[in-house]
Amino acid sequence: MANNQNLSTSAHRALAHEYKSLQEEPVEGFRVKLIEDNLREWEVAIFGPPETLYQGGYFKAYMKFPADYPYSPPTIRFLTKVWHPNVYENGDLCISILHPPIDDPQSGELPCERWNPTQSVRTVLLSVISLLNEPNTFSPANVDASIMYRRWKDSKGKDKEYENIIKKQVVSGRLEAERDGVVVPLTLEDYCKVSSTARSSTSAAAMDSDFYVEDYDLDVESDANSEDEYQDDATDSGNGES
Amino acid sequence: MSDQPESFMRIVIKEFLGVGNWRWSFTNDRICGICRVQFEICCPNCDNPEAQCPIAWGRCSHAFHLHCVLKWLDTEHANNKCPICRQNWELRVY
């Protein structure tokens, strides 16, 4: 992994740890993969949340991590065309959670909404998903999209220009998903499914092992006289008979 | 013991190795919020798994690996705030 050489060891470990945990326990609404096995560059696929304009949408984005991650935030650029008040023409995403918490009264962003090292890919992507449907129009990256969104919102959906653009993008996103062989979850149930099955299977496994240990202990207790050999290592070393 | 058949193997334990298990009890969190590694294991900044990697507990009651929180406080944007609650970071000393 020559690509990872310029990454500090702790950033490398933090990213490897997060990547592994996202593979084992995926979170609803997105999937991640590495670009050319480089831990510092991820491709993420974000699914539009059901019961919103974005339902059925498939948005690909590029996530780049700094060498001192998690002390500095990653950046996100959409690869799919996204018409959104907080996404620049070139796809760069503007969201407070990805901004370092410097005091900047001009920005209108509170320090508590900003990056800190306890944030993670998980928390960032969940914020991005909720930002899709609830744009921040106080500091828009795309002014035209922001004005159009306000018009749609203020007219309570009567002015359909914004809605129509989003719907068109959702359709083209779905075509891209088909090309990628990805099934986009459409219902709330499907949206939450992948992660909940993964999660319940891991917790079930954990419970199984706990139960196993408990059963084991009970066994040992009840048959203590006849089955001394079967006691576990810890007890053995305590009772070491010679 | 004496009436056991000859073929029964007798074992004499000459030496044994005890294994202990320990855990910090000062916090409900089992992992450091910065590096997400368990407190009992040294942080990713430590190269040697045997390294002394102390825990730092702030007055705000949040705990991190000392190395992790020092590295954060060293960044230009930390502003001496706890990364979790953003109160001023003040190390608790005992």
Side-chain angles (χ1 to χ4, degrees), chain A residues 4 7-22 24-25 39 65-73 96-104 107 109-123 206 213 228-229 231-242, chain B residues 1 4 8-22 27 29-38 41-49 51 53 56 58 60 62-89:
Chain A
N4 293 326
L7 195 55
S8 83
T9 329
S10 75
H12 183 126
R13 285 182 192 155
L15 284 168
H17 192 262
E18 271 195 68
Y19 187 71
K20 187 165 161 261
S21 96
L22 284 171
E24 286 170 356
E25 258 184 80
L39 274 169
F65 297 87
D68 63 345
Y69 181 84
Y71 299 96
S72 296
S96 58
I97 195 174
L98 296 183
H99 298 156
I102 35 165
D103 269 323
D104 176 9
S107 72
E109 295 171 353
L110 299 169
C112 62
E113 298 168 338
R114 297 188 183 214
W115 180 258
N116 73 59
T118 65
Q119 302 290 5
S120 63
V121 175
R122 214 176 278 259
T123 60
V213 170
D228 271 351
E229 309 91 314
Q231 287 191 7
D232 60 30
D233 288 342
T235 332
D236 247 338
S237 43
N239 292 347
E241 40 177 321
S242 49
Chain B
M1 285 299 210
Q4 272 171 358
F8 205 90
M9 198 186 354
R10 297 194 64 166
I11 296 173
V12 177
I13 296 172
K14 292 183 169 166
E15 199 181 340
F16 67 86
L17 189 68
V19 176
N21 203 337
W22 65 280
T27 163
D29 298 325
R30 300 212 43 202
I31 59 169
C32 166
I34 296 178
C35 68
R36 293 171 203 99
V37 172
Q38 289 161 37
I41 300 176
C42 65
C43 75
N45 304 298
C46 294
D47 286 329
N48 179 356
C53 187
C60 57
H62 292 119
F64 306 94
H65 287 116
L66 179 65
H67 301 152
C68 294
V69 77
L70 286 182
K71 204 166 161 183
W72 159 246
L73 295 172
D74 223 30
T75 62
E76 53 178 331
H77 39 252
N79 212 3
N80 200 40
K81 299 276 197 279
C82 167
I84 291 181
C85 63
R86 289 187 188 279
Q87 296 184 60
N88 274 329
W89 176 261

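The sequence lines fix the lettering, A, B, ..., with proteins before strands; numbering per chain opens at 1.
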Part of B:Cys68 within contact of chain A (heavy atom distance under 4.5 Å):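 Both backbone and side chain.
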
Can you check whether A:Ser10 reaches B:Lys71 side chain to side chain, under 4.5 Å on heavy atoms?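 The answer is yes; the side chains approach within 4.5 Å.
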
So do B:Arg86 and A:Asn116 actually touch side chain to side chain, heavy atoms under 4.5 Å?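 Side-chain contact under 4.5 Å: yes.
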
Which pair of non-hydrogen atoms, one from A:Gln119 and one from B:Arg36, has the smallest distance, and what is that distance?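 Smallest heavy-atom distance, with atoms named: O-NH2, 2.6 Å.
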
Please test A:Tyr71 against B:Asp74 for side-chain contact (heavy atoms from CB on, under 4.5 Å), starting from the C-alpha separation and ending with a verdict. CA-CA 10 Å; A:Tyr71 299 96; B:Asp74 223 30; over 6 Å; no

Apply side chain to side chain donor-acceptor pair (under 3.5 Å) to A:Ser72 and list each qualifying residue two or more places apart in sequence or on a separate chain.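 Counting only residues at least two positions away or on another chain, A:Ser72 forms a side chain to side chain donor-acceptor pair (under 3.5 Å) with A:Asp68.
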
With sequence neighbours left out, write down each residue that passes side chain to side chain donor-acceptor pair (under 3.5 Å) with A:Ser21, or none if nothing qualifies.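 Partners of A:Ser21 by the side chain to side chain donor-acceptor pair (under 3.5 Å) criterion, ordered by chain and then number, come out as A:Arg122.
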
Pick from B:Cys43, B:Gly33, B:Pro44, B:Gly20: which one has the most heavy-atom pairs with chain A under 4.5 Å?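 Most heavy-atom pairs under 4.5 Å with chain A: B:Pro44.
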
